[in-house]
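Labels below follow one simple rule: chain letters A, B, ... track the order of the sequence lines, proteins then strands, and each chain is numbered from 1.
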Protein chains: 2
Amino acid sequence: MKPLADYLVVDFSQFLSGPSAGLRLADLGARVIKIERPETGDICRHLYTSNVIMNGESSVFHAINRNKESFTADLKHGHDREQVWELLKQADVVMHNYRPGVMERLGFDYEAVKAVNPTVVYGEISGYGGEGPWSGKPGQDLLLQSLTGLTWLTGNAGGPVPMGLSIIDMLAGTHLAQGILACLVRRTIKDEGALVQVSMMQSAYDLQFEAVTTYYYDGQLPQRSEKNNAHAYLGAPYGVYKTANGFMALAMGSIPQLGQLLKCEELLSYTDVASAFHQRDEIKAILAAHLQTDSTESWLNVLQPADIWCAEVLNWEELMQQEGFKVLDMIQEVTMQDGFKYRTTRCPIRIDGEVFTSVKGSPKLGQDTAAILDELKAKQ
Amino acid sequence: MKPLADYLVVDFSQFLSGPSAGLRLADLGARVIKIERPETGDICRHLYTSNVIMNGESSVFHAINRNKESFTADLKHGHDREQVWELLKQADVVMHNYRPGVMERLGFDYEAVKAVNPTVVYGEISGYGGEGPWSGKPGQDLLLQSLTGLTWLTGNAGGPVPMGLSIIDMLAGTHLAQGILACLVRRTIKDEGALVQVSMMQSAYDLQFEAVTTYYYDGQLPQRSEKNNAHAYLGAPYGVYKTANGFMALAMGSIPQLGQLLKCEELLSYTDVASAFHQRDEIKAILAAHLQTDSTESWLNVLQPADIWCAEVLNWEELMQQEGFKVLDMIQEVTMQDGFKYRTTRCPIRIDGEVFTSVKGSPKLGQDTAAILDELKAKQ
């Protein structure tokens, strides 16, 4: 049995961060009901500007909202509000990611929900925390990456490079799920609810915790290497290199040993361990030139038997052909109410040997409203 | 009270992924005892090749192991093994991140621990899952980023660019913590233990779930823009741009509206919404040239009042001077047993309005062994 079976999550959140937390709770067995505004619904349904539309809505919405239900309600309308209150009374978890103050104005904030549901675990994600001059700013992933120093850690020395995914949204989502789960543990023991708050700002900062701790001690901003950078605090060879027919990654390894294995004489003289960091640009330049003289496979065939940490660089097409990938069975096909099928990822957590999947695709806007209202009526 | 107060975690893990899960459980109130081999301990104590050594050990070790205890034991030695078994009998959670098969050979695998502690929640992180031709490969962050297609999403069109942080280690750690917490919820209700397994491979793939879902439908590999790329599936202006005195980020926004606000006539003709994606390279080139003609502040002063999603790009030095950062109080000072103090991040999750901190720094190797043995004796 999935560990959160019988738990009810009422989720007001939109876009990516909140819904990614709801997704994980759904993966783990909870019933997740999205509360969406009539007609438009979660803004994420139409978020992408790319040309990939799946069954009338954005692919990111389908990815992030598999295995959830949709209940439409106008949160400013008396009748709809009453229905939402009936759901909130029964919820184990309530979540949202509105800007600070919005739920207070709507009257669905923690204090209000707690008044009718004293042991509710109530989670919220903000962009920048509830206080200070930034609290009203838009909590958008790229802006958070840019403000928190993250973009200064990726790419080579020079300008900032953003990570090509909404990494902060997803990380804030995992933190919210962690906090909610910890409070559900406490609730089952002590029968008390909780308010769990995370912000994208704090999640972005926490992601950098090792580098930030080093910076506080060192007092110097980290410098990325001129070329082939992959981590500002790591020496050569750490990075991705072009070969004669592709790219390969090299993590840690002794420079003279690499010189011997790769038959690259110039590297043999870097016998001082400290030089791997202090002379990393020089070493990386030598490596980069040398590795272009032969194929990825040739280099790996020499390095891997010597237990040097290295790997080929693959794109998805190449990855998905690998036996090492296929055996993990990480894709599932889900089906929407109207029969539309699509393939997407599954829960990355395996419990008691079981891979957690679900056949349910993302909900059409409001598809579950009537059935949920019937259920509520039956309980009264 | 912290939600995991009174929980005991016995943690065999090393490096980053496992210890980052232990850190979060410690943040949330659990007592985390690291089991380390005598003399060398967690390899992470000496991981970095940079020149920043804090109190004799690597800064990353200090960041990731704050608020934990250290117990030394030789897992192949009879007497030490007996002591470890005494701890395992009392543990609520046991964790490790050895390669598949190692704990089985040592005799501390889930089945063995479960035999003496039937309701234990046992968590493990592997690099590539327990099966298939890759299962014995080294589970190192850069290699996982390279193999899973992640490096093809960051940076501009052309070669792969790794993210400048050990993002997969940390993500696998958050997934392990989620799985453990969900099973602790179930354990308090149903009094049953669990085996929770995650792998860096599956976490790296899960991180790309929105893009991968799009790819499965579309059948085409995503293309990053030629310049100013920040997300392969998003159109212009999404990206980071150089200005006359720094850099700024621009997320979503109508191109003609941007043209008007920025007084950039060339943008006014892109009235077709689809052009933001299809002609993004052209649009980004125009924007990139135009934004270099004035300062970041000037542009933000025009765009922010119009509710365009934009931000300045900051490094840590600049970030930490901002009031919006200071008000979040994200830094804590911790103290090691020998009096060495350092500043590091705190738990990013706030519960019931409380910011969770702890004054305890990382443990010296084996510093708690004697006290823990005394405790065990007192309980017998």
[X] portion near chain A, given a 4.5 angstrom heavy-atom threshold:
X	answer
Q304(B)	side chain
S135(B)	neither
L221(B)	side chain
M320(B)	side chain
L4(B)	side chain
L23(B)	side chain
R346(B)	both
L171(B)	side chain
L207(B)	both

Highest number of heavy-atom pairs under 4.5 Å with chain A: which of [options]?
options	result
A172(B), G132(B), G129(B), G149(B)	G149(B)
E192(B), H62(B), K242(B), Q208(B)	Q208(B)
M170(B), Q140(B), E131(B), E323(B)	Q140(B)
L25(B), L184(B), T148(B)	T148(B)

Under 4.5 Å from any heavy atom of chain B - which part of [X]:
X	answer
K326(A)	neither
I180(A)	neither
T151(A)	side chain
R343(A)	both
F325(A)	both
I189(A)	side chain
I64(A)	both

To the nearest 0.5 Å, what is the distance between [atom1] ([X]) and [atom2] ([Y])?
X	Y	atom1	atom2	result
M248(A)	S146(B)	CE	OG	9.5 Å
S199(A)	M330(B)	OG	CE	6.5 Å
T213(A)	I331(B)	OG1	CD1	8.0 Å

- State, yes or no, whether a side-chain contact exists between F247(A) and P160(B) at a heavy-atom distance under 4.5 Å. yes
- Query: Are side-chain heavy atoms of V313(A) and W152(B) found at a separation under 4.5 Å?
  - Reply: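 Result yes, sub-4.5 Å side-chain heavy-atom pair found.
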- Which heavy atom of A311(B) sits nearest a heavy atom of L147(A), and at what distance? CB-CG, 3.9 Å
- Note on the structure: Of all heavy-atom pairs linking T154(A) and P162(B), the shortest is CG2-O, 3.5 Å
- Message: If we define contacts as heavy-atom pairs under 4.5 Å, which of V198(A), T344(A), D141(A), D206(A) has the most with chain B?
- Response: D206(A)
- Query: For the candidates Y238(A), Y7(A), Y342(A), which exhibits the highest count of non-hydrogen atom pairs separated by less than 4.5 Å from chain B?
  - Reply: Y238(A)
- If only atom types and distance count, is the side chain of R186(B) paired as donor or acceptor with the main-chain N or O of M1(A) below 3.5 Å? yes
- S59(A) pairs by side-chain contact (heavy atoms from CB on, under 4.5 Å) with which of T214(B), V212(B), D218(B)? T214(B)
